[in-house]
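Every heavy atom of this structure was used, including side-chain atoms; hydrogens, water molecules and symmetry mates were not. Along the sequence shown, the residues carry numbers beginning at 1.
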Amino acid sequence: MNFRTLDLNLLRVFDAVMAERNLTRAAERLAMTQPAVSHAIKRLRESMGEELFSRQAFGMKPSPRAEALWPEVREALGRLQQLLDPGEFDPQQQPSTFRMAMADATAALVLPPLVRQLEAAGAQAQVHVLPLTTRDPRALLEQGDADMALGFFPNAVAALQAQGHAASIRQHRLYNSEYVCVMRRDHPLAAQPLTLDVYCAARHLLVSFSGRPHGFVDEALAALHRSRRIELTVNQFFTAGRIVAQSDLLTVLPASFVEATGYRQQLTERRLPMPLTPVHVDMLWHLRNEARSEQRWMRGQVVAACKAAEAATITV
């Protein structure tokens, strides 16, 4: 490839097609026609001397070469955009919609201070909270179904850290918590030590976003060659808190969420009798949103909301 003769506009088209994985959506994003986008990709392929995309039933699949190029192209375009268009997002004058995927435990902690901040800023923002049905939201972000995902994503974060700057998903640590065993305050087990034997012999409620019959607690027990009896599986932490407050079931909740259940006076917490990985709540977003001023502004609002929530929890 001769860089001196390369039309740099083709890199903007390449970036849009990589972000959308679809020619029609890329064309809409660039305010171009689909044939014009297709022609630009053809010209870039001729300049590069190799195929960058292959057509699939539901869009465009990047080649390994395209995947390797994109982070560098995206970063360079982002720096150029900030240099040529340094104007910041004005939340009072620019209506925007933000799609956030998170579980109810995270939403209960983050959304109240976030809404207060948006009100104080007079922001014309619409926030759509999407249900989180997985511990790995990378596909959700890759496909553009959400702008950001907030939650505990240990495997996804480990994979992103291993990829380094080559990853198409970015990550920011929001806050740390831990999981605790929760039961009603007058539960028969509340007055005795919660040993591993006692815990395994009890009746349990599992919170599973995807509906899987086993969770990370069961994996931790299996490592000790133990198991527990799960009588009920639900997909929300709030539902779990309400049921446990009125039954003999035990459940596992993030410690930071117990207050938000609204049943704090009816519940009691116990340290789990087996080791569990600490809860690291992260915000993930796609590289396509890295430099967009409204997305950067909202990510800053989320970070500030988490700090406010943590401060309020410490005060309480």
Side-chain angles (χ1 to χ4, degrees), residues 1-81 85 96-101 128 130-149 153 155-171 210 284-295:
M1 181 185 69
N2 189 337
F3 182 79
R4 289 179 299 174
T5 61
L6 177 66
D7 182 352
L8 297 183
N9 285 320
L10 301 180
L11 297 181
R12 291 183 60 246
V13 177
F14 169 75
D15 175 56
V17 175
M18 284 295 298
E20 302 294 346
R21 309 296 166 102
N22 181 282
L23 292 181
T24 300
R25 292 198 300 268
E28 293 172 353
R29 179 172 176 166
L30 295 165
M32 297 171 62
T33 65
Q34 182 175 327
V37 171
S38 181
H39 180 65
I41 291 299
K42 179 182 177 182
R43 289 177 55 204
L44 184 60
R45 180 193 66 205
E46 293 170 349
S47 297
M48 298 287 295
E50 59 183 299
E51 292 287 350
L52 296 174
F53 298 95
S54 59
R55 291 183 181 273
Q56 292 187 317
F58 300 103
M60 306 293 287
K61 180 181 179 181
S63 69
R65 173 66 168 158
E67 293 280 12
L69 281 173
W70 190 38
E72 302 298 331
V73 170
R74 179 87 284 269
E75 184 177 353
L77 289 174
R79 289 199 302 267
L80 186 60
Q81 180 181 1
D85 183 21
S96 292
T97 299
F98 303 93
R99 298 163 300 164
M100 304 179 184
H128 293 175
L130 309 177
L132 190 63
T133 59
T134 176
R135 287 284 182 194
D136 188 347
R138 285 178 292 175
L140 193 70
L141 298 171
E142 291 278 7
Q143 295 163 10
D145 295 326
D147 299 315
M148 61 191 76
F153 311 124
N155 294 335
V157 169
L160 294 175
Q161 291 174 343
Q163 289 179 280
H165 291 297
S168 60
I169 305 295
R170 294 292 185 252
Q171 168 251 342
S210 63
L284 307 185
W285 65 93
H286 198 276
L287 194 60
R288 73 171 74 90
N289 289 327
E290 178 78 1
R292 293 176 60 185
S293 59
E294 74 276 15
Q295 292 289 333

Sequence neighbours left out, what passes salt bridge (charged side-chain N to carboxylate O under 4.0 Å, His left out) with [X]? Give chain and number order.
| X | answer |
| --- | --- |
| E72 | none |
| R138 | D136 |
| D145 | none |
| R25 | E20 |

Taking side chain to side chain contact (heavy atoms under 4.5 Å, CB included) as the definition, give me every residue that meets it alongside [X], ordered by chain and number, with sequence neighbours left out.
| X | result |
| --- | --- |
| A68 | none |
| T133 | none |
| A101 | L130, L132, L140, A146, A149 |
| R135 | F152, Y179, F209, F216, F237 |

Within residues 34-43 or reaching into it, pairs that qualify as salt bridge (Lys or Arg N to Asp or Glu O under 4.0 Å) - sequence neighbours excluded: D7-R43
Return the [atom1] to [atom2] distance between [X] and [Y], rounded to the nearest 0.5 Å.
| X | Y | atom1 | atom2 | answer |
| --- | --- | --- | --- | --- |
| L141 | R288 | CG | CZ | 8.0 Å |
| L77 | L11 | CG | CG | 6.5 Å |
| R45 | S63 | CZ | OG | 12.0 Å |
| M48 | I41 | CE | CD1 | 11.0 Å |
| R74 | D15 | CZ | CG | 4.0 Å |

Trace of the side-chain contact (heavy atoms from CB on, under 4.5 Å) decision for Q161 with Q171: CA-CA 9 Å; Q161 291 174 343; Q171 168 251 342; 4.0 Å; yes
Min side-chain heavy-atom separation L44-V13 under 4.5 Å: no
Side-chain heavy-atom pair H128, T97 within 4.5 angstrom cut-off: yes
Acceptor/donor pairs from residues 50-62 side chains to any protein atom, 3.5 angstrom cut, sequence neighbours excluded:
from : atom 1 : to  : atom 2 : distance (Å)
E50  : OE2    : R65 : NE     : 3.4

Least distance between heavy atoms, A66 atom then F14 atom: O-CZ, 3.6 Å
By side chain to side chain donor-acceptor pair (under 3.5 Å) - contacts of R292 (at least two apart): N289, E294
All side chain to side chain donor-acceptor pair (under 3.5 Å) counterparts of R170, not counting sequence neighbours: none
Stepwise side-chain contact (heavy atoms from CB on, under 4.5 Å) test for R21 and Q143: CA-CA 8 Å; R21 309 296 166 102; Q143 295 163 10; over 6 Å; no
Step-by-step side-chain contact (heavy atoms from CB on, under 4.5 Å) determination, V17 to N22: CA-CA 6 Å; V17 175; N22 181 282; over 6 Å; no
Donor-acceptor contact present, side-chain R12 to main-chain L30, <3.5 Å: no
Under 3.5 Å donor-acceptor, D147 side chain and R99 backbone: yes
Donor-acceptor pair between W285 and E290 side chains, under 3.5 angstrom: yes
